[in-house]
Number of protein chains: 2
Amino acid sequence: MTVTLADVAARAQVSPATVSRVLNGNYPVAASTRERVLKAVDDLEYVLNGPASALAAATSDLVGILVNDIADPFFGIMAGAIQSEIGGPGGRAGGERLAVVCNTGGSPERELTYLTLLQRQRAAAVVLTGGAIEDPVHLAAVGNKLRKLTEAGTRVVLCGRPPTPEAIAITFDNRGGGQLLTEHLIGLGHRRLGYIAGPEERTTTRHRLEGHRAALAAAGIEDDPRWTVYGRYDRLSGYEATLELLRRDPGITAVVAANDTVALGACAALRDSGLRIPDDVSVAGFDDLPFSIDAVPALTTVRLPLAEAGARAGRIAMGREEAPHGGIATVRGELMVRGSSGGPRGA
Amino acid sequence: MTVTLADVAARAQVSPATVSRVLNGNYPVAASTRERVLKAVDDLEYVLNGPASALAAATSDLVGILVNDIADPFFGIMAGAIQSEIGGPGGRAGGERLAVVCNTGGSPERELTYLTLLQRQRAAAVVLTGGAIEDPVHLAAVGNKLRKLTEAGTRVVLCGRPPTPEAIAITFDNRGGGQLLTEHLIGLGHRRLGYIAGPEERTTTRHRLEGHRAALAAAGIEDDPRWTVYGRYDRLSGYEATLELLRRDPGITAVVAANDTVALGACAALRDSGLRIPDDVSVAGFDDLPFSIDAVPALTTVRLPLAEAGARAGRIAMGREEAPHGGIATVRGELMVRGSSGGPRGA
DNA sequence: CATTGGATAGAAAGCGCTTGCTGTGACGCT
DNA sequence: AGCGTCACAGCAAGCGCTTTCTATCCAATG
């Protein structure tokens, strides 16, 4: 029924070994033989059996990419960039690799399960994106898995994740970015800044918030606890948190959001509350996703080089680029000042 | 070095066959034996060898998802929904499956290569999303591949793609949606409507445009060829096409875009041209992606139930839902009237 | 002309798992 | 008591490929 290597070998009048070598191209095969084999492959429409060759060769051409939410462009952009570099069809690399994008939904258990699944498939490499969860138990479990994977020959790279001892990391300077943003707002004259944070247990959330607070501290502004609201990384969360901030202190003149999506929710809440942006309240986001420039007014935010970071992580995962010195590369964000931020009301 | 089934068997004092049966749970094993085996698995931190079992069982637990652009939420949303249904970790289904998201970038060759790669992996199922390319040669090649896959036991489902004889299809009524949208605009009094189409060779482009023209025809409006510009499904394309439309006929009072992303570009171009939306020119999108509601004014568009369609496709692919009658289910879009559309200038 | 060695091709031993078929006791039936 | 029936467990034959080692051929060398 299905065509096997042996069938091709028979048709080309060579041994299976030779066919295998033609297909893998890592052993001298006479040109005439090669052609005969290739012709037979073509005639028979032969398709290699992936599992069988993975078993025999003890490696597969699968590359895992773990993301929190595939529907979020933040992850989509990174995943796309990683994939373009791992040498799938159309990529520049040699062998044809299959990217396995795994959607963890931010759940620690799923993250672990997916890592096990990838280990089971003997993945060639794994790239984990997005912030980590700061639960020591989970962190240890992930670390353990990553070590196992590495030992089994799987290359592990973190992209936009805090570094761990177990893997090479391309990490974003969320702290610095947060600081930049808040400094900008303070520079405009703002003194009462609301902050909409992400989920409390995520590293990304903490780092961005730390940057924000560092900027406040540097300017000698006391951070009123009422000015910080935790939420999720989605639009609705931004909407609700903004209403909450307004309730707690109607006097805030700026809202800093955990990311652009949250910022859009904040804008909507402000508008619905009859406030103008930036005349009454300034808004800032984070990430500079493509849609941020289309908000009205366009969002002031911190641009993260998502595609570049993903591409680099992909190349490192494929061994086509050297790992950064010390195994860690920190990528800075760039402040994008746009229409959503301005001087405070009455300034 | 690596732990194998045999090691587990030895430790649990049973045969490898028994271990395999415990792990697959499709053969009676005494409770006491099972426990012993499970304990051994745990002690040894055994991880099944995916390729080996795929080879032996002649099926894998990989499910392919083909998308045009993973960074585009349109595809991200569908991919996420499909994945949540195929029973990966956290999904409701039984076995743990790995979703392989393949980014074709809209390229026909890559599409074919990925299908071959999935065939090679003996994927359990494949879901193709997004519009197809209307090149007969390519269509035939894809059809051929799909037939091969089906014959090999891979379930093939199309999601948001025009039906083909080779597969079950959940398809969007792009034509009807396009018509709805333009009817709405005509109803508001518009008579000079610019249309920014997607790439000319895509089915989605053609269907939406056909709907638009049908609405025009029904209202007795002659479609001036100058009013249609082809482009890509991205923001820049919308921006440039809008300027082009304005150049060709400054008198247009509405712009219908191929999708929401294009519509945002159109809005930007109009704004940059000093035109107000919808006072001077109305704008309409398509898809109702999450950001569309955050545009200012919010985008009038056609909502496509991306997540529902994806979920359904996923369930069908997993054999957990019956295929629709005749193998084709058509999903309609819903007109979402929002702020970006209004009566024409001077009405 | 015998010898050496490079270039190819083949034989065969697995890779680690699944599964059809074959035991083997224990149980219940007549 | 005798025998068919179950419920489990094990044996062993692959699944289709890779790769080491070996065999062969032929040109080049002394």
Side-chain angles (χ1 to χ4, degrees), chain A residues 1-38 40-41 44-62 95-96 117 119-124 152-153, chain B residues 1-38 40-41 44-62 95-96 117 119-124 152-153:
Chain A
M1 179 61 232
T2 53
V3 183
T4 70
L5 238 210
D7 299 332
V8 176
R11 183 170 238 267
Q13 317 231 54
V14 296
S15 74
T18 302
V19 178
S20 171
R21 300 205 257 247
V22 168
L23 262 25
N24 293 299
N26 47 17
Y27 190 89
V29 173
S32 62
T33 314
R34 171 194 316 284
E35 260 177 54
R36 210 142 31 88
V37 170
L38 256 20
V41 166
L44 266 31
E45 297 196 294
Y46 171 67
V47 174
L48 195 65
N49 183 316
S53 64
L55 172 59
T59 47
S60 82
D61 44 11
L62 258 38
E96 275 163 355
L117 242 34
Q119 181 184 2
R120 175 179 297 185
Q121 298 296 336
R122 306 297 187 257
Chain B
M1 180 60 233
T2 53
V3 183
T4 71
L5 239 210
D7 299 331
V8 176
R11 184 169 237 268
Q13 316 231 51
V14 296
S15 74
T18 302
V19 177
S20 171
R21 284 167 183 147
V22 168
L23 262 25
N24 292 298
N26 47 17
Y27 191 87
V29 174
S32 63
T33 314
R34 171 193 315 284
E35 262 178 52
R36 211 143 29 88
V37 170
L38 255 22
V41 166
L44 266 32
E45 296 195 293
Y46 171 67
V47 175
L48 194 66
N49 183 316
S53 65
L55 172 58
T59 48
S60 82
D61 43 11
L62 258 38
E96 274 164 353
L117 243 32
Q119 180 184 2
R120 174 178 298 186
Q121 297 298 335
R122 305 299 187 256

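Numbered from 1 within each chain, the chains take letters A, B, ... in sequence-line order.
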key: salt bridge (Lys or Arg N to Asp or Glu O under 4.0 Å): pairs with one or both residues in residues 18-31 of chain B, sequence neighbours excluded   = none
message = Measure CZ/Arg122(A) against P/dC15(C) and give the value in whole Å, please.
response = 13 Å
query = How is Ala58(A) classified with respect to the nucleic acid when contacts are heavy atoms under 4.0 Å: base, sugar-phosphate, or nothing?
reply = nothing
message = Can you work out whether Ser20(A) or Ala30(B) has the more 5'-proximal nearest nucleotide on DNA chain D?
response = Ala30(B)
task = Please state how far atom CG in Asn49(A) lies from atom P in dC15(C), giving the value in whole angstrom units.
result = 18 Å
ask   = Rounded to the nearest Å, what distance is computed from the CG atom of residue Asp7(A) to the P atom of nucleotide dG16(D)?
value = 9 Å
key: Qualifying residues under side chain to side chain contact (heavy atoms under 4.5 Å, CB included), relative to Ser15(B), sequence neighbours excluded   = Ala17(B), Thr18(B)
task = In whole angstrom, give the distance that lies between atom CD of Glu35(A) and atom P of dA9(C).
result = 13 Å
request  = Take nucleotides 21-27 of chain D nucleotide by nucleotide from the 5' end and write B, S or -, depending on whether a protein heavy atom sits under 4.0 Å from the base, only from the sugar-phosphate, or from neither.
outcome  = -------
request  = Please name all residues satisfying salt bridge (charged side-chain N to carboxylate O under 4.0 Å, His left out) with Arg36(A), sequence neighbours left out, ordered by chain then number.
outcome  = none
ask   = Between Gln13(B) (CD) and dC8(D) (P), how many Å, whole number?
value = 20 Å
task = For the side chain of Leu48(A), starting at C-beta, report the closest nucleotide among dG10(C), dC8(D), dT18(D).
result = dT18(D)
Residues in side chain to side chain contact (heavy atoms under 4.5 Å, CB included) contact with Ser60(A), at least two apart in sequence or another chain = Ala54(A), Leu62(A)
query = Out of dG16(D), dA12(C), dG14(D), which nucleotide sits closest to the side chain of Ala56(B)?
reply = dG14(D)
note = Per atom distances to the Thr18(A) side chain, the nearest of dG10(C), dC8(D), dC11(D) is dG10(C)
query = With sequence neighbours excluded, what pairs up with Ala58(B) under the side chain to side chain contact (heavy atoms under 4.5 Å, CB included) test?
reply = none
ask   = How far apart are the C-alpha atoms of Asn49(B) and Thr4(B), what are their side-chain angles, what is the distance that settles it, and do they pass the side chain to side chain contact (heavy atoms under 4.5 Å, CB included) test?
value = CA-CA 8 Å; Asn49(B) 183 316; Thr4(B) 71; over 6 Å; no
message = Need to verify one output field. Residue with the more 5' nearest nucleotide on DNA chain D, Ala57(A) or Ser32(B)?
response = Ser32(B)
ask   = Taking atom P of dT19(C) as reference, at what distance in whole Å does atom CG of Leu5(B) sit?
value = 12 Å
request  = Could you tell me whether the side chain of Val22(A) reaches within less than 4.5 Å of the side chain of Leu38(A), counting heavy atoms only?
outcome  = yes
query = In whole Å, what is the span from the CG atom of Leu55(A) to the P atom of dA13(C)?
reply = 17 Å
message = At 4.0 Å (heavy atoms only), tell me whether Val19(B) reaches a base, stays on the sugar-phosphate, or touches nothing.
response = nothing
key: For atom CG of Asn26(B) and atom C1' of dT19(C), their distance in whole Å   = 9 Å
